[in-house]
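Structure, as structure tokens:
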Amino acid sequence: MKRTMIREVLASRGPQAAVRVQGWVRTRRDAKGFSFLEVNDGSSRGNVQVIVDESCPAFGGIEKFTTGSAVDVTGELVPSQGKGQSWELRAAELILVGGADESYPLQKKRHSPEYLREIAHLRPRSNLFGAVFRVRSRLAYAIHRFFQERGFLYVHTPIITASDCEGAGEMFRVTTLPLNKAPVGADGEVDAGKDFFGRPTFLTVSGQLEAEIFACSHSNVYTFGPTFRAENSHTSRHASEFWMIEPEMAFCDLEGDMELAETFIKELIADVMEHAADDLAFFDQFVDKGLLERLRFVLERPFQRVSYTEAVAILQASGRTFAYPAEWGANLQSEHERYLTEEHFKSPVTLYNYPQSIKPFYMRRNDDGKTVAAMDVLVPGIGEIIGGSQREERLDFLDEALAAHQLDPADYWWYRDLRRYGSVPHAGFGLGFERMLMFVTGVANIRDVIPFARTPGVAEF
RNA sequence: UGCUCGGUAGCUCAGUGGUAGAGCAGGUGGCUGUUAACCACUUGGUCGUAGGUUCGAAUCCUACCCGAGCAGCCA
């Protein structure tokens, strides 16, 4: 008999003479003459309650059906006599597919996320992580849907890259040279020319520069893939390996870029609220009490759009004492960003037009000569979720910026070529996938929205 | 990397110089259409590691390891 996923069983419209489910036992409650077995197969947050009584041959050995064991049940689906569920399965046949003894680490009680992190191979079977990874899958789908519906081209940019000057952070070296006897050149340095690619190579920190190439052929494109940063970060919102979405649009300015970013975030929220309502309700109840209200609020209200210069003025007029006072020309500190999004505006904020001196070389210089067409989207609880800009499409200004950042134009020959042949205004941004997932689920630590998180010193699974 | 907090039973924690505790999990028995079921009894510990102070250290000191938070880096 064909298996039915528990998600469908729970949504059944009427009784069914025979249903087969397969899954893992969450808990068993024994009564006189029969037992309740709660079975989950990951298809939904809910468990199906299975009734096993003397009419079922397996009842005699019911004590073997412990929390964590895998089972295969066939029986009749009937209205439940008890509260808490509409349907229950009266087991005619119950098979123990794989047992689990008392050392099974997941108990029928609340566990801390830190503990569950140590058992990353079992935590997807918990309520919390079951829900997190269902939403993660849905969010990834929603991202592709958003861009595909708008005619954006999905580009696979390289994971291994030779450009080591993208300015986005420390990079992981990729090499096949033996660590203990790497070939050394005349200068005493490792001779990367003898390495696999004949030059130094690294894991990508961003697909942006390559995405720009395709924006300049297919107009609207996006990337969605893994990204690596070798920073020694110990925070709840940084990981060494994470996924990033980077749209890039030709014939687009900063205004269009900000519009896309804001629409994008709203549509993702709407999609997840519609298609993962059960799981979001779980997060709202057990993880982050105001989650649904906050998401609705973000959906309904326009994002606050404020220039960097205005933001500094707001901070200076706030009457607040910051560890680092806000000052024009300096980077905004986390405390500043938090104040703006969590206290002053109490909503997502799009900041734009940052001082040129604190931003990367590729951002387009504004006419004031002091700022560049950059933008960051900040959200309450997480901070920066999007960073983007209009790119410098004018070769002379780009060369100036390269010089100012002490970068060798020769290393950027193909990037410069885009400005030599059919250059167009274009813009894009990067959205941290995990940060978006944190925002949508209310989960506070990035390590808990990645199936197998990589952070400094941690790569067990 | 810096600062702060923490590490005690399988899990969540209490215990702040004098005989290591509770709840849950596990075991045994009972009870009940149960809902993290309930009731009784019960097993379970090198108190993160290594030194030191003390008659005596889970408790005080030092170093290290691990976890968390904040900051920086940024998505």
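So that the names make sense, note that chain A is the first sequence line, chain B the second, and so on, each numbered from 1. Below, all heavy atoms of this structure are taken into account, side chains as well, without hydrogens, waters or symmetry copies.
- Applying the 4.0 Å criterion to OP1 and OP2 of B:A71, one finds that A:R237 has a side-chain N or O inside that range.
- Within the 4.0 Å cut-off from OP1 or OP2 of B:A37, at least one side-chain nitrogen or oxygen of A:T27 is found.
- Across the protein-nucleic acid pair, A:R338 atom CZ and B:C74 atom P stand 17 Å apart, rounded to whole Å.
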Could you run down the sub-3.5 Å N/O contacts of the protein with nucleotides 4-7 of chain B?
none

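- Residues satisfying the salt bridge (Lys or Arg N to Asp or Glu O under 4.0 Å) criterion with A:D30, sequence neighbours excluded, are A:R28.
- Going from atom CZ of A:F439 over to atom P of B:A75 covers 18 Å, rounded to whole Å.
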Got a list of protein N/O to nucleotides 23-25 of chain B N/O distances below 3.5 Å?
unit_1 : atom_1 : unit_2 : atom_2 : d
B:G23  : N2     : A:K109 : NZ     : 3.1

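- For the side-chain contact (heavy atoms from CB on, under 4.5 Å) test, residues two or more places apart in sequence or in another chain that qualify with A:S347 are A:F297, A:R301, A:Q304, A:F345.
- When the nearest nucleotides of RNA chain B are assigned to A:E434 and A:T66 by heavy-atom distance, the more 5′-ward of the two goes with A:T66.
- Under the rule for a salt bridge (Lys or Arg N to Asp or Glu O under 4.0 Å), A:E337 has no partner lying at least two apart in sequence or in another chain.
- Pair assignment for B:C31: none, as no Watson-Crick or G-U wobble contacts are both less than 3.5 Å.
- If you check B:A9 for Watson-Crick or wobble pairing at under 3.5 angstrom, you find it has no partner at all.
- Residues forming a side-chain contact (heavy atoms from CB on, under 4.5 Å) with A:K359 (at least two apart in sequence, or on another chain): A:Y354, A:M363, A:V372, A:A374, A:D376.
- Nucleotide B:C60 forms a pair with B:G52, judged by Watson-Crick or G-U wobble geometry with both contacts under 3.5 Å.
- Under the Watson-Crick or G-U wobble criterion, with both distances below 3.5 Å, B:G26 is paired with B:U42.
- No aromatic stack links A:F36 and the base of B:G33, using centre distance under 5.5 Å and interplanar angle under 30°.
- Pairing of B:C3, defined by two Watson-Crick or G-U wobble distances under 3.5 Å, is identified with B:G69.
- For the pairing with A:H144, the ring-ring contact (aromatic ring centres under 6.0 Å, His included) check across A:Y154, A:F152, A:F433 returns one residue only, A:Y154.
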